Number of protein chains: 2
Amino acid sequence: MGTTQLESVPEPKYWHLKTVLSDALDSEFAVGEILPNERELAARFGVARATLRQALEQLELEGRLQRRRGVGTTVAPPRVGVSVGDPAHSWPGINDTADPWRPVGSDEATPPPAVARLLGTEPDRTTHVVRRTRLAHGQPLAAELLYIPDASVPHLSSIDAPGGTARARTLLRELARLELEGQEQAVELGSARAEDAKELDRLPGSPVLIVTTRYYAQGRTAAVAVATYRADTCRLTFGDPSGGMQLLAG
Amino acid sequence: MGTTQLESVPEPKYWHLKTVLSDALDSEFAVGEILPNERELAARFGVARATLRQALEQLELEGRLQRRRGVGTTVAPPRVGVSVGDPAHSWPGINDTADPWRPVGSDEATPPPAVARLLGTEPDRTTHVVRRTRLAHGQPLAAELLYIPDASVPHLSSIDAPGGTARARTLLRELARLELEGQEQAVELGSARAEDAKELDRLPGSPVLIVTTRYYAQGRTAAVAVATYRADTCRLTFGDPSGGMQLLAG
DNA sequence: AAGTGGTCTAGACCACAAG
DNA sequence: TTGTGGTCTAGACCACTTT
């Protein structure tokens, strides 16, 4: 045979392309640098543009690249670690000066069935909803919907109008009066709803990490937060070395 | 105008298709049921197969569908919640009868740079590597590589040959002699390496949730685990309502 | 106006599982 | 052998950003 090696299990072109590009990113490009456009890259590698795009998609999924319509494809910085599991910081309304969340509005709505189940309310019962955004270095990392049943904020004054951030702050302040007794969290993969995508500066459908947090207070589920993190730029961190190990002692 | 509504911001076909299919899944299909094949679905909706596939891809990403080459597209069951954050269960080697991890082999290798950094070892220093698989209901959920520096298993007998599961069990048993002092975890999105994909019964490149756990013992980082969870079938859970809230008291 | 990535088409062939 | 999903092509047009 003239071929020095025959691939008994030939890997797809886009897969090979991905590794080639990945190596090139490590050695020949700096963070923030802009790559040649897709048509040129495809021509350079001798593949169709769709195939080239399949490789780029995976690299973007892995946080190596960032693509923006009308602009180009750039080399992404390493993912930022965002602390998600620490109750002391995540309990809404705690007035930490380092609170990374910014309230952007409030509303009243019927939560999705999954949330209603966690809250233990009837499926068609409305709750307060506070919308918040989490920023880091000026970039939006996450968009959150915080569902608060009436029972958790009994002393709510009805001065402020729904929809405003003033109302949102009032709700958070009321919620903070409760003493947090525990929390449960879950992380899963999803795709950004149109509304979240806008806030995250991404296209609808782009991959996101959905963090659902169930807050316990007064022996009940006091609130449920559904936070949508950009999967391309975020690495979610849980726990820390100094504490929390009491679990093992018991 | 003859049109009752003009879309000033027309949504992409595949996006609309996705919502239509999603509704159909809720109302007309049962879990495990097999959908019509892609060519027929595309014809039925009057779109190209590639467009139809774009919608299916997103639904699979969201855990609604499962596609298998040569078989077909089926309606996926709800994601299973897998406990990830509880140190009492995740500390390797603890002889819990309910331990969901099954050792499948061991080796000696130089860890990836990111892991070496966590371990505090030189980049080219080899460590023991234990390969484990996590199962639920007979289905593989996760594949893990556990990196253990020599210093963490000083009493290791060199009877067993590397590569075998016997050696893996020995390593885990030795590791369990250490008292766990703390752990740190991170979750991020990735795509399955060829090796992991095989173990997870997925195609290479399919989306996975990568959980990196740093175990502390004896004041050092005693081991680092890199676990690759199927993103389509898994919902990772952290913490629990009964404990862990000591953090707030301090 | 020009250039970028995003969407879409209508084909073709391949790898795999099951009969 | 048949039928499935997976890969790939060579185009076209659209939405968006920048100049």
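Throughout, a chain's letter reflects where its sequence line sits, starting with A, and its residues are numbered from 1. Worth saying up front: this structure is predicted, and the values here are computed from it rather than measured.
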For C:dC8 and B:Y14 - does any side-chain N or O of the residue sit under 4.0 Å from the phosphate oxygens OP1/OP2?
no

Within the structure shown, what part of the strands sits under 4.0 Å from A:L203 by heavy-atom distance: base, sugar-phosphate, or nothing?
sugar-phosphate

List the residues meeting side-chain contact (heavy atoms from CB on, under 4.5 Å) with B:I34, not counting sequence neighbours, and say none if there are none.
B:T74

Any B:T51 side-chain N or O less than 4.0 Å from OP1/OP2 of C:dT9
yes

Taking CG from A:L56 and P from C:dT7, how many angstroms apart are they, rounded to a whole number?
14 Å

Set of salt bridge (Lys or Arg N to Asp or Glu O under 4.0 Å) partners for A:E60, sequence neighbours left out
A:R67, A:R202

Sorted by number, the residues of residues 64-80 of chain B with heavy-atom contact under 4.0 Å to DNA chain D:
B:R67, B:R68, B:R69, B:G70, B:V71, B:G72, B:T73

For atom CG of A:L17 and atom P of D:dT9, their distance in whole Å
10 Å

Starting at CZ of A:R53 and ending at P of D:dG11, how long is that distance when rounded to a whole Å?
18 Å

Using every non-hydrogen atom in the two residues, find where B:A194 and A:W15 come nearest and quote the distance to one decimal.
N-CZ2, 4.3 Å

Applying side-chain contact (heavy atoms from CB on, under 4.5 Å), name anything that partners B:A168, two or more places apart in sequence or on another chain.
B:P103, B:S106, B:V130

Checking contacts here: which listed nucleotide (D:dT9, D:dC8, D:dG5) is nearest the side-chain heavy atoms of A:P12?
D:dC8

Expected list for residues 17-26 of chain A: side-chain donor-acceptor pairs under 3.5 angstrom, two or more places apart:
from, atom 1, to, atom 2, distance (Å)
A:K18, NZ, A:Q58, OE1, 3.0
A:K18, NZ, A:E62, OE2, 2.6
A:K18, NZ, B:S191, OG, 3.3
A:T19, OG1, A:H16, O, 2.7
A:S22, OG, A:R64, NH1, 2.8
A:D26, OD1, A:R64, NH2, 2.9

What residues form a side-chain contact (heavy atoms from CB on, under 4.5 Å) with A:D196, not counting sequence neighbours?
A:R131, A:A143, A:R193, A:T228

DNA chain C contacts among residues 28-43 of chain A, heavy-atom distance under 4.0 Å:
A:N37, A:E38, A:R39

Please name all residues satisfying salt bridge (Lys or Arg N to Asp or Glu O under 4.0 Å) with A:E40, sequence neighbours left out, ordered by chain then number.
A:R44

Using a strict 4.0 Å threshold on nitrogen-to-oxygen distance, state whether B:R134 and B:E144 make a salt bridge.
no

Please state how far atom NE2 in A:H16 lies from atom P in D:dG6, giving the value in whole angstrom units.
23 Å

Under the side-chain contact (heavy atoms from CB on, under 4.5 Å) test, which residues partner B:T51, sequence neighbours left out?
B:K13, B:Y14, B:V47, B:A48

Whole angstrom value for the distance that separates P of C:dG11 from CG of B:L52
16 Å

